[in-house]
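Presented below is the structure to which this report refers.
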Amino acid sequence: MVERSGPEAGLSGSTPVAAAPLVAVDAVSKVFAGHGGGAETRALDDVSLEIRANEFFTLLGPSGCGKTTLLRLVAGFEHPTAGTIRLDGTDILPLPPHRRPVNTVFQSYALFPHLTVAENVAFGLERLGRPAAEVKDRVAAMIALVRLGGLERRKPAQLSGGQQQRVAFARALAPAPRLLLLDEPLSALDLKLRREMQGELKRLQRETGVTFVLVTHDQEEALAMSDRIAVMRAGKVLQLGAPAEIYDRPATRFVADFIGEANIVAGARVGSPAPFVAIRPERTTIAPAGAAGLAATVTAVTFLGSDTLYDMELAGGGAMRARLREPVPGLAPGASVTAGWPADAARPVAEDP
Amino acid sequence: MSAARGFDWRRTPGLGTFTALVFVFVYAPLVVLVVYAFNASNLALVWGGFSVEWFAKALGNENLRRAATNSVIVAVVATVAATLLALPAALALERGRAFRGKAAAEGLVALPLVAPEIVTAIATLVFFSAIGLRLGLGNVALAHIVFCIPFAMLPMRARLREMSPDVENAARDLYADEWQVFRRVTLPLMAPGVVAGAMLAFIVSLDDFLITLMVADAGATTLPVYLYGMLRLGVTPEANAAATILLAVSVTVVVVATLVMRRGERAVAA
Ligand SMILES: Nc1ncnc2c1ncn2[C@@H]1O[C@H](COP(=O)(O)OP(=O)(O)OP(=O)(O)O)[C@@H](O)[C@H]1O
Ligand SMILES: [Mg+2]
């Protein structure tokens, strides 16, 4: 399988064979039976990945690619059709959710509406049978950690969306899980609050040392927060690696386009043996017509303040975009130019599986 | 009507009058019943001044009192038993895994709600004679338990359907076993539905006539059946007074159930 070379190269490139991973997902598939004779859905297709202790791991992919399904399998709300999931080397698949040292922050927060903030945070500790004094101290510490001091006696309905979010974090972190699963925890917040909470999440992860697995379809969020990212599409992991690695050396055409922006050109057109090459707009150059490169016509010029975007149509078909620091004087739509790039900017990428 | 304003059914000519007529049609008999219960005259339909004498007389009628006591006993027993049986059934249908025959079970559970009551009444009577069950008031209570279950289940299932399963999953995720999830999360959140189901069962049992008429022996008559017997001897203000008491109890129970439901909804609306 060609597509396998990408992720594996990414993995071995960044890590010398390290200690046993915290979570090992091995050849996991999940098939949902169709309702009333409908077609079945293969939500996960032979997924294998490893999550290391104390890392901030992100599952990134478009809607419907199976991210939530993978989280629910790890949490224990669903059972895989095939494959195994190990935590600290132990097979956790026979364990029900309440016996797994894994906590979840739900996208809907799923706070207990009939309990106060403090009672919500104490819930897990009490179920674990911790002594009352310990529960009290731990709840106070968690409420301080998420900066909700003074709101202990409120009910969830009396809190803002951002505050409910913090209660959900505190509640899930209070029992000190081995693993914290977060399913698009920030997607319900507005942009400004989301940026703020991204910083908060990083801080929480640093201060608690808990391993975080974040699900998102926001690539900026993934790049900004993660130690490592698994890029998913249609139930498969296309590439796994550190943010810079995935950005600089995308394994497949989809990854190149999904993470940041990329110009995708057939390899044959630029003398590359790879099926495609990907070139970032900021590394694309514009030279006068007739220079070495691909002949193109400028179709649009967009001034963005710090940068200027030039959209071009290639003479042989296809589009290309350059993002230049310095605008080219006098270059307007309709002009004939040559699109080029430094040799190291063209990244060979595979076709998607 | 101008096209620019668009169609608004509330502007239909005569709608107000029509609505008023509907209310008169529905409530006029009840008003007459209640007003004549306070009638001093002993002719049911001739006004002779205000009096509570008939209430006193009704309360002093030993047979009527026994019928009312039977009604309450049967309603309480049927409410408690039907609620306790409806709760696990509602959970199984709304939260349980898909099981073979689930659709059939849902249909069977709803059937008593749509089957003509006279059919249920005859079936119950035939069934009790076939197995030779003669428990007096027990027969009545048993019949009431059975037909109250689907009514008690209705609000419970509606409540469970509007509760996100994520909240129960969150409890599971936070180390609660199945019993603790039920005890600490599912039950408190569905409580308004349980209360409403119990109230509904109580009302349906208290008001039942046909099934009780078929099943009840002489000593096991309930209030509606006894009232019917009274009327056959002529409409008396005493019957009016007794019916008014029954009406007041029913309305109170419905109002309380509605208030409890509203409060629960507000508590959960997050
Ligand atoms: N309980 C289910 N029954 C049937 N199909 C399901 C079920 N849960 C998920 N699926 C299907 O599995 C696929 C993956 O769903 P999943 O929820 O994991 O996607 P996702 O990556 O989390 O998407 P999103 O970003 O929209 O949340 C989808 O095609 C979805 O329709
Ligand atoms: Mg999802």
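No experiment lies behind these values; they were computed from the predicted model shown. These numbers come from the heavy atoms of this one structure, side chains and all, not from hydrogens, waters or symmetry mates. A, B, ... follow the sequence lines: proteins, then strands. Residue 1 opens every chain.
Within the 4.5 Å cutoff, side-chain heavy atoms of A/Pro113 are placed close to those of B/Leu189. Using a 4.5 Å heavy-atom cutoff, the side chains of B/Asp173 and A/His98 are not in contact.
In B/Arg183, the CZ atom is not crowded: 12 or fewer heavy atoms of neighbouring residues, nucleotides or ligands sit closer than 6.0 Å. Counting heavy-atom neighbours within 6.0 Å of B/Arg161 CZ, excluding the residue itself, gives a total above 12.
A/Tyr109 and B/Asp166 form no side-chain donor-acceptor contact under 3.5 Å, judged by distance and modelled atom types alone.
Of all residues spanning residues 173-182 of chain A, those with a heavy atom less than 4.5 Å away from chain B's heavy atoms are A/Pro175, A/Pro177, arranged by number. Heavy-atom neighbours of chain B within the stretch residues 118-142 of chain A, taken at a separation under 4.5 angstrom, comprise A/Phe123, A/Gly124, A/Arg127, A/Leu128. Against chain B, the residues from residues 68-86 of chain A that qualify, each with a non-hydrogen atom under 4.5 angstrom away, are A/Arg72, A/Ala75, A/Phe77 in number order.
When heavy atoms are compared at a cutoff of 4.5 Å, A/Arg100 approaches chain B solely by way of its backbone atoms N, CA, C and O. If you measure heavy-atom distances from A/Leu115 to chain B, you find no contacts under 4.5 Å at all.
Across all their heavy atoms, A/Ala110 and B/Ala170 have their closest contact at O-CB, 3.7 Å. When every heavy atom of A/Asn103 is checked against every heavy atom of B/Tyr175, the shortest pair comes out as ND2-OH, 3.2 Å. When all heavy atoms of B/Val167 and A/Phe112 are compared, the closest pair comes out as O-CE2, 3.4 Å.
B/Glu106 is linked by a salt bridge (charged side-chain N to carboxylate O under 4.0 Å, His left out) to B/Arg157, counting only residues two or more places apart in sequence or in another chain.
Interface remark: of the candidates A/Arg171, A/Lys155, A/Gln107, A/Arg171 forms the most heavy-atom pairs closer than 4.5 Å to chain B.
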